[in-house]
Amino acid sequence: MFSMKLTNHGWGLREMIFLSAVIFFFVIIAAVMINNLYSELDLSQGSSGSSSSNGYTYQQIESNLSAAAERYYKTHNDDVSTIVISEDLVELGYLKSSQLQTKDDACEGYAVIADDFRAYITCSKYETEGY
């Protein structure tokens, strides 16, 4: 075991480097854990987003689909497709299927990948104009 010698002159260089390395190691571990925590949060909802038990509004569903398409494009920007469907976004993990549901309606749709990532949805009670 490593023992530190405390003398009248304080800690030596060896002890200080060892303690600095231990602290640095724990800071790196904490930073990685915090980064993983925040990357798993779905921040596209904002603070006014509905919970999945109550469902989303149709405009929120369009916004969810648009944000998911933008995240998809950032990792697949070499893909030449200009349209991505909601089913693919759910399958690839960019969108949760609950993000495509209102309180009493389920939707599906697609997003056009362009400058603004426009989303179009169709539901039993609603359809985006131009779908």
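What you are looking at is a predicted structure, and each value in this text was computed from that prediction instead of being measured.
Considering every non-hydrogen atom in both Leu65 and Tyr110, the closest pair reads CD2-O, 3.4 Å. Residues Ala69 and Ala111 share a closest heavy-atom pair of CB-CB, 3.5 Å. Summarising the geometry of Thr102 relative to Thr57, their closest heavy-atom pair is CG2-C, 4.5 Å, with the distance given to 0.1 Å. Contact between Gln99 and Ile61 at its shortest, heavy atoms only, is O-CG1, 3.6 Å. Minimum heavy-atom separation, Glu129 to Arg118: O-NH2, 4.3 Å.
Heavy-atom neighbours of Gln59 CD from other residues, nucleotides or ligands within 6.0 Å: above the threshold of 12. Annotation: Glu70, atom CD; neighbour count of heavy atoms from other residues, nucleotides and ligands within 6.0 Å is above 12.
A donor-acceptor pair shorter than 3.5 Å can be found between the side chains of Glu62 and Thr128. In this structure, a donor-acceptor pair under 3.5 Å is present between the side chains of Tyr58 and Asp105. Looking only at atom types and distance, the side chain of Tyr94 has a donor-acceptor partner in the side chain of Thr75 under 3.5 Å away. In this structure, a donor-acceptor pair under 3.5 Å is absent between the side chains of Glu108 and Ser86.
Counting only heavy atoms from C-beta outward, the side chains of Gln101 and Tyr56 never approach each other to under 4.5 Å. Within the 4.5 Å cutoff, no side-chain heavy atoms of Val112 are placed close to those of Phe117. Between Val90 and Leu100, some side-chain heavy-atom pair lies under the 4.5 Å cut-off.
In the hydrophobic clustering of this structure, Phe24 does not group with Met16; members are Ile, Leu, Val, Met, Phe, Trp, Tyr whose side-chain heavy atoms approach within less than 4.5 Å, directly or through other members. Tracing side-chain contacts under 4.5 Å through hydrophobic residues (I, L, V, M, F, W, Y), one reaches Phe25 starting from Met33; they form part of the same cluster. Neither Val22 nor Val27 shares a network with the other; the hydrophobic side chains, linked directly or stepwise wherever heavy atoms of I, L, V, M, F, W or Y lie under 4.5 Å apart, form separate groups for each.
Of the inter-residue distances, the one linking Ser66 atom OG with Ile121 atom CD1 reads 11.5 Å to the nearest 0.5 angstrom. Tyr120 OH to Ile83 CD1: the interatomic distance, rounded to the nearest 0.5 Å, is 9.0 Å.
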For Leu95 and Asn64, run side chain to side chain contact (heavy atoms under 4.5 Å, CB included): C-alpha distance rounded to whole Å, both residues' side-chain angles, the deciding distance at 0.1 Å, then the answer.
-> CA-CA 7 Å; Leu95 187 67; Asn64 292 341; 4.0 Å; yes
Show your working on side chain to side chain contact (heavy atoms under 4.5 Å, CB included) between Leu89 and Val84 and close with a plain yes or no.
-> CA-CA 7 Å; Leu89 292 172; Val84 62; 3.9 Å; yes
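Under the 6.0 Å distance and 45° angle rule, Arg71 does not count as a cation-pi partner of Tyr73.
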